[in-house]
Amino acid sequence: MAECVLCGCCLAGCPLLAATGREELSPRAKALLAGPSKWDAALLRETDVAALTTLCLACGRCEKLCPQGVKVPQLVAAMRAAHPDFRQWLWKQWITRLGPCWSLAARGAALLPESFVPASLGLALKGLKGLRPGGGLDPWLRVTDLPEAAFAAKYADHEVAVFDGCVGRGPRASSWGENARYLLRELGARLIDVKFGCCGSTLGVAGLPGEQRDTRRANIDAWRSAGRPLLAVYCATCVKGLSDYAAPGTDVTELFADAAEAELWTRGMMPLSALLAGARGRVTSGAPDVVGYHQPCHAAQLPGGGDADQALLHGLLNSRLRAPEKSACCGFGGILQLTAPDLSTRVGAACWANLEGAPGSGDALEAAPASVLTGCSGCVMQLSATAPAGVRVGHWLEVIRRD
Ligand code: SF4
Ligand code: SF4
């Protein structure tokens with residue numbers, strides 16, 4: 001495993017360090033304490049080290065900046081796995097068992113008076129409330145031109161399955177899931193129905209490797225049984241989670257029949273926005289004058305580089321779209337919403353300040369975008385929970401009109 005040389009190249013990317021100024025929360029501290037060199041056990045207790053090092057958003061920004069190839073999110077996940085607590089159990093129930101009930105839970109969260117909610121659950125429940133049926137953005141964007149010819153030239157012979165993820169097959173099935181299928185049908189895709197589960201990303205981050213392996217295996221089995229179709233994915237974290245099944249350095253035989261099948265999985269998985277690249281649209285009545293864009297930490301990339309969702313939205317919305325010059329983490333962090341909601345909230349506040357400072361959005365709060373679009377289910381939940389009054393947040397698929 002790569003070892004930290006304490007160079008500090010990762011520090012500038014860490015949203016936790018930026019929001020708190022606390023070096024002990026930095027990736028360098030985590031790499032030092034949870035990495036191969038470990039700590040002096042005579043000075044620090046393992047439980048204290050675990051409590052500190054697992055305060056991490058798993059955003060992966062440090063990993064991209066590290067010249068040594070240190071993967072702090074992996075170190076943190078291993079530390080969480082070695083020190084389980086009841087919040088992991090809660091997270092596991094939530095993701096693996098309660099998925100089908102998310103709509104019901106979101107309705108319940110919306111009805112709960114705030115004074116009844118324990119402070120430690122407040123942020124997570126607010127995010128859930130943001131997913132309540134009927135609570136999303138109204139549709140105001142008609143797609144007028146799609147790249148049908150480019151799609152047919154590449155994929156005419158392939159069947160396509162949609163990977164919805166936990167939110168897109170649950171509380172947002174009628175907007176995210178159905179709009180994704182509508183756009184793909186208009187594009188000329190031969191759609192087939194495949195039942196997938198969670199991508200497993202959030203389970204791995206939470207230190208639940210066994211559960212992550214099970215959910216990955218179930219997804220591969222479903223894909224194989226369906227004849228190994230192309231996968232269209234519209235949640236940025238799902239794209240990352242599914243890519244990790246066959247990431248360089250992993251033992252692909254754990255999940256796949258052989259390296260050729262793993263290669264087929266990797267090549268056949270595409271962000272929906274990349275398939276729609278070049279689409280044009282027209283806004284209809286009810287469209288806000290200014291639309292903010294939040295780039296997820298795991299933003300899905302176009303084949304030549306660049307954020308696929310942002311490029312698509314820029315083509316559809318032109319100057320109406322406002323994106324900050326530099327992206328900022330929303331502060332979701334999966335299980336961190338439960339283990340350290342205060343930290344998650346502070347990172348969220350910094351993210352909103354960054355969005356409000358986007359060129360063209362104006363400095364005054366009232367000039368901030370009235371709607372913010374993004375392409376990740378975790379970001380939708382976190383930004384809904386932390387949004388300033390009057391600002392609405394949703395996945396870009398919510399604003400697509402099908403009529
Ligand atoms: S994964 Fe993100 S929050 Fe965690 S240490 Fe790295 S940059 Fe900081
Ligand atoms: S984690 Fe990587 S970038 Fe950060 S201090 Fe260690 S070696 Fe340097």
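Whatever order the structure lists them in is the order used to number ligands and atoms, beginning at 1. Positions are given from 1, in the same order as the sequence printed here.
For atom 6 (Fe) of ligand 2, protein N, O or S atoms closer than 2.8 Å were enumerated as Cys4 SG, with waters left out.
Listed here is the closest heavy atom pair of Cys297 and Arg61: SG-NE, 3.2 Å. The shortest heavy-atom contact between Cys330 and Cys351 is CA-SG, 3.8 Å. Of all heavy-atom pairs spanning Leu383 and Trp352, the tightest one is O-CZ2, 3.5 Å.
Taking atom 8 (Fe) of ligand 1 as the reference point, the nearest protein heavy-atom neighbour is Cys14 SG, 2.5 Å. The protein heavy-atom contact nearest to atom 6 (Fe) of ligand 1 is Cys62 SG, 2.3 Å. In this structure, the protein non-hydrogen atom closest to atom 2 (Fe) of ligand 1 is Cys59 SG, 2.2 Å. Regarding atom 3 (S) of ligand 1, its nearest protein heavy-atom neighbour is Leu57 N, 3.5 Å. Distance from atom 4 (Fe) of ligand 1 to its nearest protein heavy atom, with residue and atom name: Cys56 SG, 2.4 Å.
Salt bridge annotation for Asp244-Lys240: present, with a cationic side-chain nitrogen under 4.0 angstrom from a carboxylate oxygen. Using a cut-off of 4.0 Å between Lys/Arg side-chain N and Asp/Glu carboxylate O, Glu398 and Arg172 are scored as salt-bridged. Glu261 has a carboxylate O that lies under 4.0 Å from a charged side-chain N of Arg224, or vice versa, which qualifies the two as a salt bridge. For the pair Arg28 and Glu23, the salt-bridge criterion is met [side-chain N within less than 4.0 Å of a carboxylate O].
Taking every heavy atom of Pro67 and a limit of under 4.0 angstrom, the matching atoms of ligand 2 come to 3 (S).
With Leu373 as reference, Leu317 is the one residue of Asp309, Leu141, Val393, Leu317 to meet the side chain to side chain contact (heavy atoms under 4.5 Å, CB included) rule.
The closest side-chain heavy-atom distance from Trp396 to Leu316 is not below 4.5 Å.
Counting heavy atoms closer than 4.0 Å to ligand 1, residue Ala58 contributes backbone atoms (N, CA, C, O) but none from C-beta onward.
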